[in-house]
Number of protein chains: 2
Amino acid sequence: MASDDDPVPDISGVALVDVLRAVADPIRLRIVQTLADGRPHAKCGTHWNFGVHKSTMTHHFRTLREAGLTRTTVTGRTHTIELRRAELETRFPGLIDALATGDAA
Amino acid sequence: MASDDDPVPDISGVALVDVLRAVADPIRLRIVQTLADGRPHAKCGTHWNFGVHKSTMTHHFRTLREAGLTRTTVTGRTHTIELRRAELETRFPGLIDALATGDAA
DNA sequence: CGAACTGTTGGATGTTCGTCATACCGTCAG
DNA sequence: CTGACGGTATGACGAACATCCAACAGTTCG
């Protein structure tokens, strides 16, 4: 069954500067932009076509989660990642929208 | 007289991730939040009460300018810094507002 | 069981970054 | 002119970071 795994910080304890630092990386920014559709995404999906190693992606996913941006659900051997959109909107109004709208170039 | 100094990048060539990286620092974030009132601020003002060295502030100001966030005007021996609010709003709608609203803690 | 699949963990490494200290430069006042 | 003021430039140093590699662990399936 699907069980919540990987502890996430309480949104009230998340500092804006930490969120910004988490997002201030090309790969992590694109992850957040992809996740901004509100739907959960599998970690192994083909969406993530960066040319980096498996463990590097693990590192980025963990950074995002520890910064309070995402939540991970483990189902069997597949991990699903999801943006904490509602919570983030409450704490940092307009931020995610601004990031998602952002032009890549 | 007041002359524009210190070249700034064209706003169209500024990448979101670079803006985020510039702002992903406690000191620079607070500078931007202070500058978000739209008014120019002198670099030597008492607003900047971080306990860091002079040259460190120069480094942060330069980082913000090179990232396309600010513009510097030199008047005599005092330098005035200003947020490129309108341009940033056009390129990254809602971003500055989201940063300025952001709770410090 | 054993093998493939999906990810994590623990180094190791090269780079970037924030900070300081010192020296330097243009500007204004006496 | 000479000194104080406002900033910049350069160099050094330690910490943080992105990346890779190899090894490991839980899950599913034959």
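Below, read A as the first sequence line, B as the second, and so on, with proteins coming before strands; counting in each chain starts at 1. All of these numbers come straight from a predicted model, not from anything done at the bench.
Contacts between residues 20-28 of chain A and DNA chain D, defined by a heavy-atom separation under 4.0 Å, are made by Arg21(A), Asp25(A), Ile27(A), Arg28(A). DNA chain C lies under 4.0 Å from at least one heavy atom of each of the following residues of residues 50-58 of chain B: Gly51(B), Val52(B), His53(B), Ser55(B), Thr56(B).
A 4.5 Å side-chain heavy-atom check between Glu82(B) and Leu35(B) finds every atom pair outside the cut-off.
Salt bridge status for Asp97(A) with Arg85(A): present, with a side-chain N to carboxylate O gap under 4.0 Å. A salt bridge is defined here as a Lys NZ or Arg NE, NH1 or NH2 lying under 4.0 Å from an Asp or Glu carboxylate O, and Arg84(B) with Glu89(B) fails to meet this definition.
Phosphate contact (OP1/OP2 of dG26(D), side-chain N/O of His79(A), threshold under 4.0 Å): absent.
Distance, Trp48(B) CH2 to dG6(D) C1': 15 Å, rounded to whole Å. Rounded to whole Å, atom C1' of dC13(D) lies 14 Å from atom NE2 of His59(B). Rounded to an integer number of Å, the gap from CZ of Arg65(A) to P of dG7(C) is 14 Å.
Here the closest heavy-atom approach between residue Ala24(B) and residue Ala24(A) is recorded as CB-CB, 3.9 Å. The two residues Gln33(A) and Leu99(A) come nearest to each other via the heavy atoms NE2-O, 3.0 Å.
Distances from the side chain of Lys43(B) to the nucleotides dG7(D), dG26(C), dT8(C) place dG7(D) closest.
Using a distance-only test at 3.5 Å, with no hydrogens or angles considered, no donor-acceptor pair links the side chain of Glu66(B) to the main chain of Val8(B).
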Side chain to side chain contact (heavy atoms under 4.5 Å, CB included) between Ile27(B) and Val52(B), intermediate numbers included: CA-CA 9 Å; Ile27(B) 292 185; Val52(B) 294; 3.7 Å; yes
